[in-house]
Amino acid sequence: MFLITCPYCGTRDQSEFSNAGEAHVARPANGEELTDEQWADFVFLRNNPKGLFAERWVHTAGCRRFFNMLRNTATDEILAVYEIGAKPPKVTTVEPATPSGEAPIGSGNDAVKVMRPEEPK
Amino acid sequence: MTDTHTALRRSPLAHRSTIKAMEHAARLSEVPFLGKLILRGDPAKIAKTVTGVAGASLPTACRATRKGDTAILWTGPDEFWIVTPDNAHAALADKLGKALSGIHHQVTDVSSYYAAIDLAGPKARGMLMKLTTLDMDRSAFTEGEVAGSNFGAAQATLWQTASDEEKGGPVFRLFVRRSMADYLWCLLAEAGFEWGMPRQAPLSGETWRLER
């Protein structure tokens with residue numbers, strides 16, 4: 001459990017919020033020209049990075065508004081919260097390294113190794 | 001107190017009567033038939049007109065304002081609740097609709113949709129602390145504060161109507177959807193059991209105990 005700062009209500013417990021998937025996925029304007037593969041990409045396929053990720057959240061139990069969040073999926077560090085329609089702010093975070101021998105990203109391996117800058121590689 | 005049911009209507013908690021904990025520690029009661037309106041619109045555009053009609057000014061985030069019997073609660077960046085005494089909401093909705101014509105807005109009567117429960121007394125904070133993740137310390141949640149949150153499994157809007165210093169205070173008002181009203185009533189009674197509040201048997205027949 002972690003605390004989330006809603007841009008409208010302030011800091012509340014995570015249990016009041018719902019995740020709504022990747023942010024900034026724009027609906028194609030030329031829908032009639034798309035192939036099935038391109039539609040499938042828009043409808044079903046989402047990024048699942050290990051590290052910095054922009055995602056939508058909704059304050060379900062509070063003001064019931066959607067907002068965007070920049071979160072480090074490896075460390076659960078929340079880097080920025082901004083309104084829908086706004087551009088993501090520039091942030092810096094510790095990108096988790098993927099040491100050799102570790103299972104590939106997205107395999108369900110939840111053993112996270114975060115390499116701090118001062119640590120030897 | 002208004003009758004909880006008449007030949008024409010019946011409040012969501014008409015089958016319950018006010019219960020108290022020991023030595024005025026806490027008191028749980030229903031506030032039946034309050035008028036409730038949801039007002040939506042850009043606060044910058046509707047503020048002046050709403051103040052002119054309802055009396056109270058539009059509150060800032062997570063706050064409530066009141067003028068006489070009418071209160072305005074902030075529930076979202078473009079959403080407000082107007083809480084009025086019994087039967088005053090229809091006329092107010094009418095006046096608001098007329099005054100705001102031409103401005104993009106929406107006024108909806110939700111009086112029958114929400115039940116209102118008043119929780120008063122020095123142990124009220126302790127009871128709420130068991131049910132919610134909100135910071136219920138008296139320095140964090142003060143008079144006039146409004147917050148939507150989860151209380152047990154129920155979603156409700158919490159509003160502190162009277163300060164801790166007042167006699168019989170603090171007083172909290174919880175607005176909950178009427179189908180969840182009996183659940184929340186019984187859960188609050190269970191939370192007050194420690195201070196002598198009588199346990200209530202839920203209508204659904206299920207029983208649960210809070211972990212201590």
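Proteins come first, then strands; the chains are lettered A, B, ... in the order of their sequence lines, and each starts at number 1.
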Around atom NZ of B:K36, are there more than 12 heavy atoms from other residues, nucleotides or ligands closer than 6.0 Å? yes

Applying a strict 4.5 Å limit to non-hydrogen atoms, the region of A:T11 in contact with chain B is neither

Exercise for review: Considering only NZ, NE, NH1 and NH2 on the basic side and carboxylate oxygens on the acidic side, decide whether B:E194 and B:K123 come within less than 4.0 Å.
Suggested key: no

Assert top hit (heavy-atom pairs under 4.5 Å, partner chain A, pool B:A156, B:A61, B:C62) equals B:C62

If one checks every heavy atom of B:Q155 against chain A at 4.5 Å, the contacting part turns out to be side chain

**Prompt:** Does a side-chain N-to-carboxylate-O contact under 4.0 Å join A:R56 and A:E22?
**Reply:** no

Bottom line for B:D135: the part with an atom under 4.5 Å from chain A's heavy atoms is neither

Practice item. Could you label the plane-to-plane angle of the A:F17 and A:F67 rings as parallel, tilted or perpendicular, counting under 30° as parallel and over 60° as perpendicular? Key: perpendicular

